[in-house]
Amino acid sequence: MNSPSISTCGSSEHLLYRRSFLQSVLAANATLQIGGLGVAAETPTGEALRRQQKRALFIWLAGGSSQFETWDPKPGRETGGPFRPIQTAVPGYQVCELMPKLAGLMQKIAVVRSLNTVITAHEPAADLISTGRPKEAALDYPEMGVVLAKELASQDSLLPDYVSFFPATEGRRRPATGFLGGRHAPLLLENSMRPGDIDLPSGLSDLEHKEREDLRQRLSSEFGNRRAGSDLVSGYNSAYAKVRGLMRTDHLFDLDREPAATRERYGRTEFGQQCLLARRLLEAGVPMVKVARGFWDSHHDNFESHRELVPDFDNVLSVLLTDLDDRGLLDSTLVIVLSEFGRTPAINKDVGRDHYAAAWSSAFAGCGIQGGAIHGRTDEDGKTVADGEANASDVAATIYTALGIDPRKDYHVGLRPVPLAKEDSKPITTILS
Amino acid sequence: MQPSARILIVVFLVTGLAGSICSEDSASASRVASSARSTSLSFERVAAKIDGFVESHWSAKQVPPAKLTDDATFLRRITLDLAGRIPTTRELDQFRGDDSKDKRDKVIHRLLDGPEFPLHLGSVLDEMIQGRHAGNSDFVDYMRRNIRDNRPWDLVFRELMLGPWDTAERKPANRFLDKRAKTLDVLAVDATRVFFGVDISCAKCHDHPLVADWSQDHFYGMASFFNRTTGGNGKVGEKTEGDVKFLGSDGKEKTAQVMFLTGRVVGEHAVEGSTTDEKPPASTPVSRREQLVEIALDERNFFSRSIVNRLWRYFLGRGLVHPVDQMHSANDSAIPGLLEWLAEDFAAGGYDLRRLVTAMVSSKVYQLSSEWPHDSDVPQASLFAVAGLRPLSRRQLSFSILMATGNAELSEPDEIESRVERYVSVPGVQRIRQYLTIEKTAAGLAPSLDERTDDFQSSAVEALFMSNNPATQALIAVDDGNASSLVTQLARLVETRLLVKEAVRTVLSREPRDDELSQLTDWFERQSSPRATTTGQLLWVLVTSAEFRFNH
């Protein structure tokens, strides 16, 4: 497994916050738990390792957000729509007026304005962007978050490697584990902000729950002795060994532990509260989190819907980035804002914008990213990429590189070597620090 | 295309198919594989042949094999493999009580002749063939009937590829093509993997970079057998024209030759753009899929080796050629000569799946222990010198969990039921009903369990589900209203040792060892919870133990 370098990520504040966070976790656990595995068993080595840990947060704007009403406004053009541009903290770069807070934070954010990803149907486009590759008949690729979780996870962690929220809207796609298999499936938070199956079964005391697991573990280990396939037995036992650790993470999912002021800052929207929860998880050491926000598919009334959606996005993302930064986590956390595609320059008869993949934008911040870097350019109407064209594979290569993972690293599927990012991909170096 | 032309072609296709397939095969449609048995080797001879190949390989590699597995483990293994569930305590006792020398053969035949084998193997084949499209009850039932009636594998293949899909019974057979017809790549690649054991997808954009056998010509050659196939809406058809064109790695556009994996090229015999209503000569193949079936069954090595290798993986944990869709010259079979011989025997014997299965499970190599008794390291899996642990499939596991916790009824027919079965001439009809009932309940548990794959790894999702989910906890809960529940019955046993013994027998399908009995009894008596609660806990421990999770 790749071992992250300390140079890009990790700072003294980070250290401080992690320590105080862990202390509060320990204090909380002392009242809850009796012995066993868990955070309490944390060793200095584990702490040191986790300080260097890199993390990633996918913010998935499901349905396809409009680049015109966000990162790539075209004021005064027929394709530009009614909103005005505003100046950002990066000289010479303007964004849509619906993002005043992010405009002020642009020195932390990098934007790629020159994506050309060709596919304009939701499902295949989402597959393309989230795996970084065109679909192949005989090989199911894992979603990038699944790969990142596998690459970034520390082996002894009792936390889930990947937590994926999806709201009951267009973001309803479960991250595919593809050829990596079910073991790498994310913990899904579907209709609830708490994971399933982490509560003690009713009618059972914690002691009874522990005693039966201890016996189960003992019988199973004995069974594995001198057995062909004893590695399967130890894998099986380590999956069960995770159970009580995961049950002890229930406080992580409890937003009532956040100060009311923080909850207000993120906003009482589903997206806001999910992003706050995402921050709690990242801070505790979950290496990969995905939050999806739906309703961007604005075939009708594009401007009305963006007038509603973008300010919430502007608020939540700016609060989140600031919060991560204040806690010393931004340097080690890559935040990725992606959609399956952008929206058409042409405004249709329903005052909507349709699917468009020939020239659109995405944004990045944090670990490995050069804040304030603006890569690529579209023509004056936003119809084509004028400079710096990048495709889905390039985005994947950029993400891996930003996190210090070699995009050419091979996985082996049967006899076939499969590099993390497609063979011909090129990282977008302009936005890398 | 002109409307009139389209109509003509439809007519032409229907008559073409009817003429070429039905007339030729009306006899073989009712052909039962066992008819070939008289001229082919008995399953005992085939099993001995299998062991001969394997034993000489062990000698050559100087690896001593593990011992034969004990009777209880054998019974559990064979019942899981042929019926998809653990044995009942009644079956366990019957087997223990049988002193005859051929008791294992008797069990094999009892299971193969019983009603559960077609139900289970039909599902196994459904998953093998359909992959992500598995689980459609019409198709599953179609496969189950194929096994029940012992229809030869070539006949099933022919029906999947060509039909006729004219009756309610045969209609589901078009589902393999129908679910894939919208994307030519998927259809060509899946068909080649499933039926011929070759994954050609790497040869799409360039000649296969690792396997010299497969070039772009093979990929597009195989695709050409399917490019005229239409479907995706429940109706599968085939156009009479259209070729596959592709960009060669030299950047030039080429028209693909219709070519099988062996390199054999098929000529174009179909009448071009038929504007006449004259029937084409009967010998003229009009369907490219029909050409594929003819060529594949004529060549027959790819076709027979693929299914033999896949069934070998099912019964012995990994393919003789591994992975099972990587049959090519650079990927040798694990036991030299065995796959080739077995496949040839299978083809020559009329593609009789039942005979093949019987031979595999009657072999010694299938009946080896998973415990390694020697001082040397446990030998690698490809030697087949010791039985590897095989994770239970979702289906086997969910079924077995229900049985082990007393939540499945699988009883012998009573007097009335026996009379019903004799009257309707359907032996096992009660068992079929019970089996399908359990299957329905099991389907509720299955999605949370780990899927069996070649590189199986346990997930925390299954462990959490088994540890905490209300649905799994209910299986071992004390149900005061149900005096016949397993927990209540066991808890009523006054002597703890007896209780533990019965629990081990029910869940692990064997008698407990003495040390184990003492260990579990001590544990049981140390618990301060009510007796029935602890009984439920004990069942949980046994059901979630590694011994239960794997076929060993």
Side-chain angles (χ1 to χ4, degrees), chain A residues 135-140 160 179 181-185 187-188 195-205 207-209 211-216 218-247 413-417, chain B residues 66 183 185-186 188-190 193 199-202 204 210-211 323 325-326 331 370-373 378-379 381 386-391 450-451 453 455-465 467-470 473 477 516 520 523 527 529 533 537-538 540-542 544-547 549-550 552:
Chain A
K135 219 171 174 61
E136 237 183 71
L139 192 59
D140 287 331
F179 61 70
R183 194 179 77 104
H184 296 281
L187 180 66
L188 298 172
D197 299 340
I198 64 166
D199 292 323
L200 195 62
S202 69
L204 203 61
S205 74
L207 185 64
E208 286 168 332
H209 193 267
E211 291 255 324
R212 73 178 190 183
E213 169 56 23
D214 289 348
L215 181 62
R216 194 208 66 73
R218 206 159 62 233
L219 292 187
S220 298
S221 307
E222 280 166 22
F223 172 77
N225 284 338
R226 304 287 298 162
R227 200 60 82 157
S230 55
D231 52 327
L232 289 173
V233 175
S234 47
Y236 182 67
N237 276 339
S238 53
Y240 272 86
K242 277 209 158 197
V243 166
R244 289 180 58 79
L246 287 168
M247 289 169 72
V413 184
L415 303 170
R416 174 180 169 185
Chain B
T183 315
D185 282 6
V186 172
V189 167
D190 274 4
R193 282 165 68 198
D199 180 357
I200 49 170
S201 60
C202 284
K204 183 186 173 189
L210 300 168
V211 183
D325 60 3
Q326 297 288 336
N331 188 20
S370 63
E371 282 176 293
W372 186 240
V378 179
V386 54
L389 295 187
R390 287 180 282 142
D450 291 330
E451 254 179 302
T453 53
D455 51 352
F456 178 83
Q457 289 166 314
S458 298
S459 79
V461 174
E462 177 181 307
L464 281 166
F465 177 71
S467 297
N468 298 334
N469 190 279
Q473 302 316 295
E516 182 180 41
L520 292 175
W523 178 86
Q527 305 302 306
S529 321
T533 309
Q537 300 303 299
L538 178 65
W540 183 89
V541 166
L542 297 171
T544 56
S545 69
E547 181 172 348
R549 184 63 183 83
F550 297 94
H552 52 84

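Every heavy atom of this structure was used, including side-chain atoms; hydrogens, water molecules and symmetry mates were not. In what follows, every chain begins at residue 1, and chains take the letters A, B, ... in the order their sequences are listed.
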Legend entry - For chain A, the option from B:Asn468, B:Asp450, B:Asn469 that forms the most heavy-atom pairs under 4.5 Å: B:Asn468
Inset, instruction - Can you measure from CH2 (B:Trp523) to CD (A:Glu211) and round to the nearest 0.5 angstrom? - result: 7.0 Å
Legend entry - Among B:Ala477, B:Ser458, B:Ser459, residue most engaged with chain A (heavy-atom pairs, under 4.5 Å): B:Ser458
Legend entry - A:Tyr240 OH to A:Arg216 CZ distance, which is reported to the nearest 0.5 Å: 6.0 Å
Legend entry - A:Arg244 side chain to A:His209 side chain, donor-acceptor N/O pair below 3.5 angstrom: yes
Legend entry - Interatomic spacing from OG in A:Ser202 to CD in B:Gln473 - rounded to 0.5 Å: 8.5 Å
Inset, instruction - Identify which part of A:Asn237 has an atom lying under 4.5 Å from any heavy atom of chain B, answering side chain, backbone, both or neither. - result: neither
Inset, instruction - Give, as side chain, backbone, both or neither, the part of A:Leu215 having an atom under 4.5 angstrom from any heavy atom of chain B. - result: both
Legend entry - Atom pair CG/CG of B:Leu538 and B:Leu520 - distance to nearest 0.5 Å: 6.0 Å
Inset, instruction - Please flag which part of B:Trp372 lies under 4.5 Å from any non-hydrogen atom of chain A: side chain, backbone, both or neither. - result: both
Legend entry - Atom group of B:Leu542 that falls short of 4.5 Å from chain A, counting heavy atoms: side chain
Inset, instruction - Specify which of A:Arg212, A:Glu222, A:His184 makes the most heavy-atom pairs with chain B at under 4.5 Å. - result: A:Arg212
Inset, instruction - Go through B:Ala463, B:Pro470, B:Ser529 and name the one with the most non-hydrogen pairs under 4.5 angstrom from chain A. - result: B:Ala463
Legend entry - Salt-bridge contact A:Lys242-A:Glu213 (side-chain N to carboxylate O under 4.0 Å): no
Legend entry - Heavy-atom contact with chain B under 4.5 Å, split by part of A:Ile198: both
Inset, instruction - Given side chain to side chain contact (heavy atoms under 4.5 Å, CB included), test A:Phe223 with A:Tyr236 step by step and report yes or no. - result: CA-CA 12 Å; A:Phe223 172 77; A:Tyr236 182 67; over 6 Å; no
Inset, instruction - Select, from A:Gly235, A:Gly229, A:Ser230, A:Ala239, the one with the greatest count of heavy-atom pairs under 4.5 Å involving chain B. - result: A:Ala239
Legend entry - Check ion pair A:Glu136-B:Lys204 (N to O, under 4.0 angstrom): no
Inset, instruction - Using distance alone, with no hydrogens and no angle criterion, decide if B:Asp199 and B:Ser201 have a side-chain donor and acceptor under 3.5 Å apart. - result: yes
Inset, instruction - Find the distance between CG (A:Leu187) and CG (A:Leu246) and round it off to the nearest 0.5 Å. - result: 7.5 Å
Legend entry - B:Ala381 portion near chain A, given a 4.5 angstrom heavy-atom threshold: neither
Inset, instruction - Sort B:Glu516 into side chain, backbone, both or neither according to what part of it lies under 4.5 angstrom from a heavy atom of chain A. - result: neither
Legend entry - Engaged part of B:Phe550 at the chain A interface, taking heavy atoms whose separation is under 4.5 Å: side chain
Legend entry - chain A contacts, top residue of B:Ser370, B:Ala188, B:Pro323, B:Ala460 (heavy-atom pairs, under 4.5 Å): B:Ser370
Legend entry - Any donor-acceptor N/O pair, A:Ser238 side chain to A:Ala241 backbone, under 3.5 Å: no
Legend entry - Non-hydrogen atoms of B:Gln537 and A:Leu204 that approach each other most closely: NE2-CD1, 3.2 Å
Legend entry - Heavy-atom proximity to chain A below 4.5 Å, by part of B:Thr183: neither
Inset, instruction - Using non-hydrogen atoms and a 4.5 Å limit, figure out which bit of B:Val189 sits close to chain A: side chain, backbone, both or neither. - result: side chain
Inset, instruction - Quick one: which of A:Asp231, A:Asp140, A:Leu200, A:Asn225 has the most heavy-atom pairs under 4.5 Å with chain B, could you say? - result: A:Asp140
Inset, instruction - Heavy-atom pairs under 4.5 Å with chain A are the metric here; pick the option from B:Asn331, B:Leu464, B:Val378, B:Asp325 that has the most. - result: B:Leu464
Legend entry - A:Leu232 portion near chain B, given a 4.5 angstrom heavy-atom threshold: both
